[in-house]
Structures are given as structure tokens and as C-alpha cells.
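Convention: sequence-line order gives letters A, B, ...; per-chain numbering from 1.
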Amino acid sequence: MSEKIEELFQIEQLETLDTIIKSFENKPGSLIPLLEQTQDLLGYLPLCVQRYISTKTNTPPNTVYGVVSFYSFFTMNAKARHRLQVCSGTACYVKGGKEIAEKIENEFHVKMGEVTADGRFTYEKARCFGTCGLAPVVVVDGKIYGKVTVDSIDKILEQYQ
Amino acid sequence: MAKKSVNDIMDIKAKVLASSDSSQGITRVYVHMGTCGIASGANEVLLSLQNAIKENNFKNAKITKTGCAGICSREPLITVVSPGKEPVMYEYIDSKKATIIFEKHIIGGVAVKEFAFARGMEYQIAARKEAKGTLPQEEAMDKSIPGIESIPFFSLQTQRVMKNRGCIDPNNINDYIARDGYSAAIKALTTMSSEKIIQEVLDSGLCGRGGAGFPTGLKWRFAAVEENSQKYMLCNADEGDPGAYMDRSVLESDPHSILEGMIIGAKAIGAHQGYIYCRAEYPLAVETLNKAIKVARAFGLLGENILDSGFDFDIEVYEGAGAFVCGEETALMRSIEGKRGNPRPRPPFPAHAGLWEKPTVLNNVETLSNIPQLIEKGSKWFASIGGEKCKGTKVFSVTGDIINVGCVEVPIGTKLEVIVNDIAGGMEEGKIFKAAQLGGPSGGCIPAKHLDVPVDYDTLKEYGAIMGSGGLIVMSDQKSAVDIARFFMEFCKEEACGKCIPGREGTKQMLNILNRICDGSGTLEDIDKLEELSLVIQKTALCALCKTSPNPVLSTLRYFRNEYIEAVSKNKKEVK
């Protein structure tokens, strides 16, 4: 992991990152929101970004890594074009969410947390979106699809190329 | 916007109440837009209504965007109130149906029967029961549409926490004020001492709705007696129990009730800073809360010298980053501090040393939204319904293989069968009830033979389940009990923070055994091992997450042991 932050990201992105870091200056406990905003900006948090934040905020690198690796919201891998989340909450599980997950896994040969070979989807298992009335639920790029079936999932995913 | 005084707030209330729609000839259209509604297409419905109003240049219609209306399985829902007439609620609406409703009902004043669900709105139920139908001041609509008071899903509920659902715009503080909003905060800040507030809460028998059921007043007293100039009032909106979404519903449809509850709590314990810790999976809730806080600040209901009472208090929303364990109080506080959300042993209890080692109170969303009414109407009123020790209502999100999926608020102590069979309408066609799962990964199952159990903290424990935060999932006989136990154990194994060994290794070993049993290579001995491991984890894990993680296994073993035995007897190699 010796990639350099300047090689992975544009100079404008890094300038924005600096502004974000600055906005949290002298605010105790701001590491998590800072990382959230950074991930929103850059898409993911590779080690070089973590090191950059660690230096700029005077936080030990192990603390930054400890937080990034603890919370499922953070990722250290580059994301695909679309984020595909299959809900694995109890209501969705009871209503057939498992079968939908299995179908996606077989069709795209992916496991949870992986990116499809064509770079189209980052496939994630989500905890619960609290829309259990629509179970089973699949979320693509933040849009919630309810009452999904193994048949209707194809049509939903077709819209995301 | 200038800061408001107590009189200004009273004026707003009087003004909103005086300017009724019907006196101005306005047709009010409520579009119920919680996350569920939006996911079912409420945005498209809203758009087509807005377009229809614009295209027809129809100035006498106003749209109010409310939160969830409660009955999620019939979304998208809208309610139309023609001037002087009784409201009609419509179900399963799409943009085409919305256009028809616009022409016939909004312009024409005639209900469209084929899309209608009920006459009347939920907050009118008590009055409608008394009037035996249409209220005297309203003109009746098509009487072949059932009155809302005759629909068990609504009529058997008791609305307290959910009293504003479906009838206020969560982004309009005036709507909240008109429904008695902030009057309890005014009362607490201007006429009550800290001790009096705490005594009122103690007397009411309100206990924490997050799951543990600890008396709220006692928690407040512990923090109030601490001598420290810096204290914190926190709200736990990290509703992580999969299958539970009562708190999301409150956050999205009535955010000011939580702010008001926190203001009163802060005054009681002497805190000047509050945080709402909300999970990242609820973007709409976070947005709604932030808007509410901004307006409350502008009104002077948050910030320095609230309503000229001399009391300072402000609130910030803190977005979680996806970790179930952060619903545990000590872990949540570490997370706000910007650290890994590892729980830590208690004592010290947060009331003594919580967030940044300062005295801290953490209350659940539902607990806090009970506070304003409790303070306004008093502890006697509050305690008039409920269980033996814990008073008031509990909200459940009832999901699974039942007809009416939705948020259900009932007095604590209501029989489970009333919730499942009457309110939720029983099982979907062709399905047979097997068990109701309460309390998620920390809870257990109640089988058919115990459906008459009153839903209360102590009684549910006797039956091996827990009240939990309010997730209630109904399962049909097509679901395997062992598989459900495996599902919850997988959840706990993945969400265990890794700090204590029973949590980190114990859950993993239990999952291994359950996986073996499920794929047909388990043995009878495995069942004994499961039980043994369960007891060890219960006794030795660090925090509630893992301590309670064996509950789904123990509960399914208790009621469906035969399924475990059947599963291992499929293992041909097993020597009998």
C-alpha cells in the first residue's frame, strides 16, 4: 500500500479535503463526521488518505485506522459505479431477502463487500432501513425498492449500468 | 426570525387554530411521506398532485407533507379534506389515481370510493367514537367507506407518542405548536423546579423504552444530584434492532416532540448541551431533525436563555457510522467522542461519568417523546394506562407474514393476540401463525399457545422473550425456528465489537454449531453444547449486546426443540 494521495486524487479534491479538515479544527470528537465527509468526497478511505488526515489533525494513525475499520459505513476500497445494498434485517429475511441475496451473488459472482467484475456494483448487505412494511427491500444508490422478488430484481438492476 | 417569548408561542397556537381551512374554503391534501411512503412512490403522487393543481390553476387546495401515517403496508397514502367535510384517507395511491382524486374529490368534493380506505383522521377517533361516526361539525362523505373508528388497526391503538402522525408537517413548527407543542417545555421552564420535574416523571411510572425498562425518573435523579457544571442530555436514535422502526417513524413525523422532551430532561438534570445520536441508515430522519433544530433555535426554543427563562440548552445531531453496538449506552458515548464504539464496564455509570467523563443521561427516542405530554397532563394521567410497574404505551413495529404491517401503539400490558390478530389483521392468506419474535437479536419467540400473554416487561421475560425496543416480527409455520436462531446469531457475531472474549469467540462458536445443524451435519451433542455456551456467554460477556445474544437460541430451544432434533437426525452419520 504505497500509493500516494496525489496520484489517486485530483488537486481540487485535496483542496476541498483541506477545507473539510479545517472546518473541524478544535472540535473534540469530530473524527467520525470528518471521515464521513471525506468518504462522501473521495468515495473511499484508502490508507494514504487516513495517513493524510492523521498528520493534518495530529491524530495517531492507529486511531484513524481503528475508527475506519470499526464502522461498517467506512470502506477502504474504491467503489463501483453503483452501490447495491440488500437488506438483511429480520423482516426482510423472513420475507425472502436471503433468496434475493443468493441470486445476486450467483449472477454477479460477488460476495458481500465486493465489487462486481465489471465495476458496476459495490454489493453490500445492509442492516435495516426501517422500511419493513416493504420487505424485502433492496437499495440502489440510496433509492429504496420494496417488495422485491427474485424475478423483479433483474428489472431494477437493469436501470443501473 | 426573532426569538419568541412565551406569549408569542401562545399567539402562534391561537392563530393557527383560528385560521381553519374550511372557513377559507381550502381543500387540504395530506400526503403521508415517511421513508416507507416515499419508497412506495409518495414523491410521484405529490408531484402529480402539484402538477394538477398548477395546470388547473386551482388555488383552493393546499398540500401538507406529513410523516408516516402508521399503516405502512398500504402506502402510498393520502388524505383529502374538502372544506367543511369529513376527511377521506386513500390507500395504494399512484400518480394516475392521484389525478382522478384531484378531479373528483379535490375539485368536485366527491369521494372516490374505489381508492378510499377510511373516513376521518386518526386523531379524530375518540371524538368519532363518541359521535358514532361523522363529527357533528363535518358534512358526511360517502357512508359506504368505513369510518376510521371502525377499523381495528386504528381504533384499537392508543395514541400518545404517535398522536401527531399523519396530521402535522414535521418541518412546520407551527403545526406542532398548534397541537399543544412546546407548552410542556414552557410549563417546565417557567413554573417547575428540577426536583419537581423529576418527581413527576418518577410518579408517572415511565420507564426506558429502549428495551431495559429502567425508570426514567430515577435515571434523571442520579444525574441531577451530581455536582458538575458540565452535564449532557443525549437521545439514542441509533435504532439498530433489525426489523424495528418505531423510532424512525417518530423522528420523521414528529421531531419537535423529541427536542421538547430533551429540553425538559436537560432542565431536570442541569445539562446545557445535548446530542441526538442517529444512525446513518436514516437519512430522512437526520435531515428532519436538523431542520427542526434550526427552526427551534430561531424561535429561541434552543440556545441561550430559552423563552427568557434564564436556561441555556442546545442540541446537535450526531450521525452514526454503522455499528449496532453503538446503541449500547457506553459505546454510543465513545462514538460521539470520535472513537471506536467499544462498550466499557459499568460502574462508573454514565449518570456519574458518561460522555467525556461528565454526568450524562441517555434516553431513547420513544421515552423522550412521551415526556412533553407527561409534564403537561401530569403523572396521574400518564399512569392511568399501562402495566403493573411500567406505565403508559409502547410502540411496536409489527412486520412479517401478517396483513397490516405498521407502527402500532398500545397500552403496556395489551395481550399479544390483540396486536397480532386484531390490529395487524392476522396472518396473510394461506399462512399459519408459528411464533412472534420480540426484541430482535436480544429477544425471543412467543409461540401460538402463549399468544394470550400480556405484553409487559416482566411477563415477557417469564416466557423467554423480552419487550425490547419494539420490533415484533410475526412468522408463519413455513419458517424454520433453527434458521431464525442462526440468523440472529450471525447478526450478533458480525456486530460483536470484539472487546470481550465471550462476545468475540463465543458468538462465533455458537454460529458454527448452528450452521452445522442447519446444513445437516449437526449432532445431538451440539444441542447440549449450544445450551452450555449460551449460559457462559450470558454470565460473562461485557455488555448487553452479547450477554443477550443467546436469547433467540434459548427461546427457540424452549419452544421448538423438536426442530433442532429433527435437523440433527437428518445427519446420517450420527450414531444413535
Side-chain angles (χ1 to χ4, degrees), chain A residues 24 27-37 39-40 45 57 59-60 62-75 85 87-98 112-113 124-139 142-148, chain B residues 34-36 38-40 71-75 239-249 279-283 285 318-324 326 335-342 355-356 397 399-401 405-406 437 440-441 471 473-476 479 484 487-488 490-491 494-495 497-498:
Chain A
F24 286 104
K27 249 185 119 184
S30 54
L31 182 57
I32 293 172
L34 166 59
L35 289 170
E36 280 171 351
Q37 291 191 18
Q39 183 165 293
D40 278 346
L45 302 167
T57 59
T59 316
N62 60 331
T63 305
V64 179
Y65 179 78
V67 167
V68 170
S69 59
F70 185 85
Y71 294 97
S72 64
F73 183 80
F74 298 123
T75 173
Q85 294 167 291
C87 182
S88 64
T90 320
C92 288
Y93 188 81
V94 168
K95 297 286 251 182
K98 191 176 151 198
M112 190 188 73
E124 293 169 13
K125 201 150 97 181
R127 270 311 174 214
C128 178
F129 293 95
T131 51
C132 313
L134 306 171
V137 163
V138 167
V139 177
K143 185 172 160 66
I144 299 176
Y145 294 90
K147 296 182 183 162
V148 177
Chain B
T35 298
C36 284
I38 292 171
S40 314
I71 187 156
C72 313
S73 48
R74 290 171 192 264
E75 303 266 18
E239 185 174 50
D241 173 3
Y245 60 97
M246 317 68 54
D247 293 351
R248 175 183 65 72
S249 180
R279 63 200 295 255
E281 287 87 343
Y282 289 176
Y318 199 95
E319 220 176 308
F324 177 67
C326 289
S335 185
I336 295 181
E337 290 168 4
K339 301 175 187 148
R340 288 167 70 95
N342 280 335
L355 183 61
W356 285 299
S397 58
T399 63
D401 297 321
V405 174
Q437 211 281 349
I473 291 136
V474 178
M475 288 177 289
S476 73
K479 303 288 176 319
I484 287 296
F487 166 79
F488 281 120
E490 188 176 19
F491 179 91
E494 280 172 23
E495 292 297 338
C497 73

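Both the backbone and the side chain of D401(B) have a heavy atom closer than 4.5 Å to some heavy atom of chain A. Using a 4.5 Å cut-off between heavy atoms, T399(B) contacts chain A through its side chain alone, with no backbone atom that close. Of the two parts of C326(B), only the side chain, counted from C-beta on, holds a non-hydrogen atom closer than 4.5 Å to a non-hydrogen atom of chain A. Contact annotation for I336(B): only backbone heavy atoms (N, CA, C, O) come within less than 4.5 Å of a heavy atom of chain A. Using a 4.5 Å cut-off between heavy atoms, F324(B) makes no contact with chain A at all.
Across A321(B), P283(B), A39(B), the residue that shares the most heavy-atom pairs under 4.5 angstrom with chain A is A321(B). In terms of heavy-atom pairs under 4.5 angstrom with chain B, the leader among L31(A), T90(A), I144(A) is T90(A). Ranking E75(B), K339(B), E490(B) against chain A, the residue ahead of the rest is K339(B), based on heavy-atom pairs under 4.5 Å. The candidate from R74(B), M475(B), E495(B), Q437(B) with the greatest count of non-hydrogen atom pairs under 4.5 Å with chain A is E495(B). Chain A forms more heavy-atom pairs under 4.5 Å with one residue of Y318(B), F487(B), Y245(B) than with any other, namely F487(B). Between chain B and the options F70(A), F73(A), Y145(A), heavy-atom pairs under 4.5 Å are most frequent for F70(A). Options A135(A), S30(A), P33(A), G146(A) differ in how many heavy-atom pairs under 4.5 Å they form with chain B, and the most are formed by P33(A). Looking only at heavy-atom pairs under 4.5 Å with chain B, the residue among A91(A), G133(A), C132(A), G89(A) that has the most is C132(A). The candidate from G322(B), S40(B), C72(B) with the greatest count of non-hydrogen atom pairs under 4.5 Å with chain A is G322(B).
Using a 3.5 Å distance cut-off with no hydrogens or angles, the side chains of S335(B) and Y71(A) do pair a donor with an acceptor.
Of the residues listed (E239(B), E319(B), R248(B)), the one engaging Y282(B) in a side-chain hydrogen bond (donor to acceptor under 3.5 Å, both in side chains) is E239(B), and it is the only one.
Distance check, rounded to the nearest 0.5 Å: CZ of F129(A) to CD of E281(B) gives 6.5 Å. Between atom CE of residue M112(A) and atom CD of residue Q85(A) there is a gap of 12.0 Å, rounded to the nearest 0.5 Å. To the nearest 0.5 Å, atom NZ of residue K98(A) and atom SG of residue C92(A) are 14.5 Å apart.
Under a 3.5 Å cut-off, the side chain of E337(B) and the backbone N or O of W356(B) do form a donor-acceptor pair.
Under a cut-off of 6.0 angstrom, the local environment of OH in Y65(A) is sparse, with at most 12 non-hydrogen atoms contributed by other residues, nucleotides or ligands.
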Could you go through V67(A) and F74(A), starting from their C-alpha distance and side-chain angles, then the distance that decides it, and tell me whether this counts as side-chain contact (heavy atoms from CB on, under 4.5 Å)? CA-CA 9 Å; V67(A) 167; F74(A) 298 123; 4.1 Å; yes

Starting from the C-alpha separation in whole Å, work towards a yes-or-no answer on side-chain contact (heavy atoms from CB on, under 4.5 Å) for V474(B) and V94(A). CA-CA 9 Å; V474(B) 178; V94(A) 168; over 6 Å; no

